[in-house]
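Have a look at the structure below, then the notes.
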Amino acid sequence: IAHDVNNVLSAIGLAAADLARSAAGSPSVETIQTATRTGAELTRALFRFARSQGVERGPMDLVDAVRSVEPLIKAIARRSQLVVVAPAESVMIRAAPSDIHQLLLNLVSNADRAAADTGGRVEVSVHIEDRRACMCVSDTGAGISEELRARIFERFVSPREHGAGWGLVTVRRMADG
């Protein structure tokens with residue numbers, strides 16, 4: 001399946017490159033290209049997972065990683081107002097950029113669904129706290145019940161009726177390294 005998805009993403013990427021030549025600088029084209037690159041990174045992550053290969057982690061700037069995926073998360077957070085708050089200076093961490101992108105896509109998608117009911121706001125922030133890098137995703141949604149909050153990182157547990165219950169499990173696994 002990952003191979004087939006990668007083939008579709010390749011076709012989209014080629015079409016976006018053609019489109020970029022005639023509509024250079026278009027925010028929509030840039031969003032398509034960013035989404036295609038991120039989708040390809042996620043597909044590679046699926047391949048690594050299927051082969052039980054670890055992801056290569058190294059020094060990277062968390063602010064740059066968030067800014068590079070910002071057009072895509074803005075497209076995902078279409079039902080709410082997205083705000084990105086990050087310092088001008090670098091926030092260096094040891095991670096894989098594809099993990100950061102996947103974390104953001106998942107968390108922003110969840111936050112957008114939660115905030116959409118209230119016409120609310122989703123905020124992604126990067127900061128340093130007690131000499132540790134922090135990336136936070138928050139929303140103005142109703143929140144998660146206390147009962148569900150205790151189990152939210154378990155497989156197949158979701159606050160949504162038709163949720164798969166894998167997103168936050170994956171986020172936790174990547175965040176824990």
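Below, all heavy atoms of this structure are taken into account, side chains as well, without hydrogens, waters or symmetry copies.
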*asked:* For Glu70, give me all partners under salt bridge (Lys or Arg N to Asp or Glu O under 4.0 Å), at least two apart in sequence or on another chain.
replied: Arg67, Lys74
*Arg21: what forms a salt bridge (Lys or Arg N to Asp or Glu O under 4.0 Å) with it, not counting sequence neighbours?*
Asp18
*Are Ser90 and Val63 side-chain neighbours, meaning at least one heavy-atom pair lies under 4.5 Å?*
no
*Mark yes or no for whether Ser109, through its side chain, and Asn106, through its backbone, hold a donor-acceptor pair below 3.5 Å.*
no
*Would you please test Val122 and Val83 for side chain to side chain contact (heavy atoms under 4.5 Å, CB included) and show each step?*
CA-CA 6 Å; Val122 173; Val83 177; over 6 Å; no
Would you tabulate the side-chain donor-acceptor contacts of residues 129-136 under 3.5 Å, counting partners in other chains and residues two or more places apart, or write 'none'?
residue, atom, partner, partner atom, Å
Glu129, OE1, His127, NE2, 3.3

*Of all residues at least two apart in sequence or in a different chain, which pass the side chain to side chain contact (heavy atoms under 4.5 Å, CB included) check with Ser138?*
Glu123
*Nearest heavy-atom pair of Ala65 and Met60: which atoms, and what distance?*
CB-CE, 3.2 Å
_Under the salt bridge (Lys or Arg N to Asp or Glu O under 4.0 Å) test, residues paired with Asp112 that sit two or more places apart_ = Arg79
*Between Ser80 and Ala115, what is the shortest heavy-atom contact and its length?*
CB-CB, 4.0 Å
*Could you list who else is in Leu19's hydrophobic cluster, with ILVMFWY side chains joined at under 4.5 Å, directly or through other members?*
Val29
*asked:* Rounded to the nearest 0.5 Å, what separates atom CZ in Arg37 from atom OG in Ser98?
replied: 14.0 Å
*Linking I/L/V/M/F/W/Y whenever their side-chain heavy atoms sit closer than 4.5 Å, directly or via other members, would Val84 and Ile128 fall into one cluster?*
yes
*Using the test side-chain hydrogen bond (donor to acceptor under 3.5 Å, both in side chains), find all partners of Thr38 that sit at least two apart in sequence or belong to another chain.*
none
_Pair Asp139-Arg113, salt bridge (charged side-chain N to carboxylate O under 4.0 Å, His left out): steps then yes or no_ = CA-CA 9 Å; Asp139 64 71; Arg113 279 191 217 103; over 6 Å; no
_Once rounded to the nearest 0.5 Å, what's the spacing between atom OG of Ser68 and atom NE2 of His101?_
3.0 Å
*Taking the side chain as every heavy atom from C-beta outward, state whether Val124 and Val108 have any atom pair closer than 4.5 Å.*
yes
*What pairs with Ala16 under side chain to side chain contact (heavy atoms under 4.5 Å, CB included), at least two apart in sequence or on another chain?*
Ile32, Gln33
*Which atom pair, heavy atoms only, marks the closest approach of Pro87 to Val126?*
CD-O, 3.1 Å
*In Å, rounded to the nearest 0.5 Å, how long is the span from CZ of Arg121 to CD of Gln81?*
5.5 Å
_Side chains of Glu30 and Pro71 in contact at under 4.5 Å (non-hydrogen atoms)_ = no
*asked:* With a 3.5 Å distance limit and no angle check, can you tell me whether Asp61 reaches the backbone of Val91 through a side-chain donor-acceptor pair?
replied: yes
_List the residues meeting side chain to side chain contact (heavy atoms under 4.5 Å, CB included) with Leu107, not counting sequence neighbours, and say none if there are none._
Val137, Leu168, Val171
*Kindly state each residue pair satisfying salt bridge (charged side-chain N to carboxylate O under 4.0 Å, His left out) with at least one member in residues 82-91, sequence neighbours excluded.*
none
*asked:* Under the rule for side-chain hydrogen bond (donor to acceptor under 3.5 Å, both in side chains), what residues qualify as partners of Ser125, not counting sequence neighbours?
replied: none
*Just how far is it from atom CG of Leu62 to atom CD1 of Ile93, taken to the nearest 0.5 Å?*
4.5 Å
*Using the test side chain to side chain contact (heavy atoms under 4.5 Å, CB included), find all partners of Ser28 that sit at least two apart in sequence or belong to another chain.*
Ser26
